[in-house]
Novice: 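Could you have a look at this structure, given as structure tokens, before my questions?
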Amino acid sequence: MSRSLMMLLLTTALVAGCDRQSPKPEQAAPGATPAAAPAAAPPAPVAGSVLDRSHKGEAAPATGFKGPDGKPLTLADFRGKPVLLNLWATWCAPCVAEMPQLDAIAAREAGKLHVLTVSQDLEGAAKVTPFFAKGGYKALKPYLDDQAALSTGFQANLPTTILYDSTGHEVWRNSGGQDWTSDAAAKLIAEAS
């Protein structure tokens with residue numbers, strides 16, 4: 001298969017996932033008593049996103065991506081502090097909506113948490129550099145995965161955000177947009193401590 005055909009298929013798959021709406025939860029039958037929530041239930045993500053804990057404890061992949069300076073990196077380069085990895089693209093509306101919130105988290109948690117926004121744009125810096133300049137982000141840095149190796153490896157729709165603890169082991173992943181300024185999101189992020 002040619003590289004251009006493979007990239008077209010990958011782009012189509014990623015675009016199909018972005019903005020995908022989750023089905024609405026089923027409504028209880030009239031007169032039914034709703035089930036009680038567990039007392040210590042973890043916070044849920046916003047409507048339309050899915051919190052997945054099935055990979056908890058898995059080591060971060062060795063998949064490479066590029067740092068803001070263009071040098072190759074892996075998630076192992078960030079061990080020692082928790083990592084909030086956000087896979088996004090400039091063409092993904094929920095991804096773009098999350099960026100100011102992620103920038104605020106990166107500023108607030110500086111020194112305690114790495115917030116890595118890794119673009120899955122196939123055009124790389126040509127798309128991401130102007131996007132960052134226009135957005136005026138103060139704490140985020142433009143990490144690049146112009147091969148979309150991370151999203152492909154995770155079989156992830158965009159946006160997908162994964163929290164790793166300081167040893168590089170997954171805590172949870174969230175598919176779909178999230179209100180990162182909410183108390184629920186703060187509690188989710190605190191799980192890496």
Side-chain angles (χ1 to χ4, degrees), residues 10-27 37 41-56 58 60-61 63 65 75 82-109 113-124 127-128 130-146 148-164 170-192:
L10 177 60
T11 301
T12 302
L14 289 173
V15 170
C18 182
D19 268 336
R20 184 180 71 186
Q21 297 296 313
S22 298
K24 293 189 181 348
E26 291 185 39
Q27 184 175 352
V46 296
S49 67
V50 177
L51 184 66
D52 179 1
R53 296 176 184 277
S54 67
H55 301 277
K56 186 173 183 169
E58 290 181 11
T63 307
F65 55 96
L75 291 170
V83 171
L84 188 66
L85 171 68
N86 177 265
L87 304 178
W88 71 285
T90 59
W91 44 260
C92 170
C95 301
V96 171
E98 290 181 332
M99 295 299 279
Q101 297 171 8
L102 291 167
D103 190 47
I105 290 171
R108 183 184 74 223
E109 300 294 325
L113 172 74
H114 295 292
V115 178
L116 306 180
T117 54
V118 183
S119 168
Q120 302 299 287
D121 283 278
L122 300 178
E123 298 89 355
K127 283 282 188 185
V128 177
F131 176 86
F132 263 70
K134 182 177 177 185
Y137 306 114
K138 295 182 180 14
L140 293 179
K141 296 183 175 147
Y143 295 93
L144 304 172
D145 178 8
D146 56 8
L150 285 167
S151 58
T152 302
F154 287 122
Q155 298 179 352
N157 292 324
L158 299 179
T160 291
T161 304
I162 304 171
L163 181 66
Y164 291 97
E170 186 169 328
V171 177
W172 50 256
R173 64 181 69 178
N174 187 77
S175 299
Q178 173 65 271
D179 177 3
W180 294 109
T181 62
S182 71
D183 289 340
K187 288 177 185 172
L188 285 171
I189 293 169
E191 290 182 31

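Computed from a prediction, not measured in an experiment: that's the story for all the values here.
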Novice: Tell me which one of Leu150, Leu122, Thr152 satisfies side-chain contact (heavy atoms from CB on, under 4.5 Å) with Asp145.
Specialist: Leu150
Novice: Can you see which heavy atom on Pro82 is nearest to which on Leu113, and at what distance?
Specialist: O-CD1, 3.4 Å
Novice: For Asp121 and Ser119, which heavy atoms make the closest approach, and how far apart are they?
Specialist: OD2-OG, 2.8 Å
Novice: Find out whether Gln178 and Leu188 are in side-chain contact, i.e. whether some heavy atom of one side chain is under 4.5 Å from a heavy atom of the other.
Specialist: yes
Novice: Does Glu191 pair with Lys56 as a salt bridge, N-O distance under 4.0 Å?
Specialist: no
Novice: Say you draw a straight line from CG of Leu85 to CG of Leu163; how long is it, rounded to the nearest 0.5 Å?
Specialist: 10.0 Å
Novice: In Å and rounded to the nearest 0.5 Å, what is the CZ to CD distance from Phe65 to Gln120?
Specialist: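 Interatomic distance, Phe65 CZ to Gln120 CD, rounded to 0.5 Å: 10.0 Å.
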Novice: Do Glu98 and Trp180 pair up side chain to side chain, a donor and an acceptor below 3.5 Å, judged on atom types alone?
Specialist: yes
Novice: If every non-hydrogen atom of Leu144 is compared with every non-hydrogen atom of Gly124, which pair is closest and at what distance?
Specialist: CD2-C, 4.0 Å
Novice: Distance from Ser182 atom OG to Lys187 atom NZ, nearest 0.5 Å?
Specialist: 9.5 Å
Novice: Should Leu140 and Met99 count as side-chain neighbours, where that means a heavy-atom distance under 4.5 Å?
Specialist: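 Counting from C-beta outward, Leu140 and Met99 do come under 4.5 Å.
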Novice: Mind listing the closest non-hydrogen atom pair of Leu158 and Ser151 along with its distance?
Specialist: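 Heavy atoms only, the tightest pair is CD2-CB, 4.4 Å.
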Novice: Considering only heavy atoms from C-beta outward, does the side chain of Trp172 approach that of Asp52 to under 4.5 Å?
Specialist: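 A side-chain contact is absent here, since even the closest heavy-atom pair is not under 4.5 Å.
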Novice: Is it true that a side-chain atom of Glu109 and a backbone atom of Ala107 form a donor plus acceptor pair closer than 3.5 Å?
Specialist: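 Side chain of Glu109 to backbone of Ala107, a donor-acceptor pair under 3.5 Å: no, none is there.
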Novice: Side chain to side chain contact (heavy atoms under 4.5 Å, CB included) between Asp103 and Lys138: does it pass, once the steps are laid out?
Specialist: CA-CA 7 Å; Asp103 190 47; Lys138 295 182 180 14; 4.2 Å; yes
Novice: Of the options Val118, Ile162, Leu116, which is the one that meets Leu75 in a side-chain contact (heavy atoms from CB on, under 4.5 Å)?
Specialist: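 Of Val118, Ile162, Leu116, side-chain contact (heavy atoms from CB on, under 4.5 Å) with Leu75 is met by Leu116 alone.
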Novice: Parallel, tilted or perpendicular: which describes the rings of Tyr137 and Phe132, with under 30° parallel and over 60° perpendicular?
Specialist: perpendicular
Novice: Taking only residues two or more places apart in sequence, or in another chain, which ones meet Lys141 in a side-chain contact (heavy atoms from CB on, under 4.5 Å)?
Specialist: Pro68, Tyr143
Novice: Between Thr161 and Asn86, is there a side-chain donor-acceptor contact under 3.5 Å, judged purely by atom types and distance?
Specialist: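 Result is yes, a qualifying pair exists.
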Novice: Report the C-alpha separation of Leu87 and Phe154 in whole Å, then their side-chain angles, then the decisive distance to 0.1 Å, and conclude whether the side chain to side chain contact (heavy atoms under 4.5 Å, CB included) test is met.
Specialist: CA-CA 10 Å; Leu87 304 178; Phe154 287 122; 3.8 Å; yes
Novice: Using every non-hydrogen atom in the two residues, find where Gly177 and Ser49 come nearest and quote the distance to one decimal.
Specialist: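 Heavy atoms only, the tightest pair is O-CB, 3.1 Å.
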Novice: Any sub-3.5 Å donor-acceptor pair from Asn174's side-chain atoms to Gly176's backbone N or O?
Specialist: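 Pair found, side chain donor or acceptor close to backbone of Gly176.
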Novice: Output yes when a side-chain donor or acceptor of Asp146 lies under 3.5 Å from a complementary backbone atom of Glu123, and no otherwise.
Specialist: no
Novice: Looking only at heavy atoms, which two atoms of Ala139 and Ala106 are closest? And how far apart?
Specialist: CB-CB, 3.6 Å
Novice: Roughly how far apart are Glu170 CD and Arg53 CZ, rounded to 0.5 Å?
Specialist: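 Rounded to the nearest 0.5 Å, the CD-CZ separation comes out at 10.5 Å.
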Novice: Enter the distance from Thr117:OG1 to Trp88:CH2 here, rounded to the nearest 0.5 Å.
Specialist: 6.5 Å
Novice: Take Trp91 and Phe131 through the ring pair (Phe, Tyr, Trp, His ring centres under 6.0 Å) test and state the conclusion after the steps.
Specialist: CA-CA 10 Å; Trp91 44 260; Phe131 176 86; over 10 Å; no
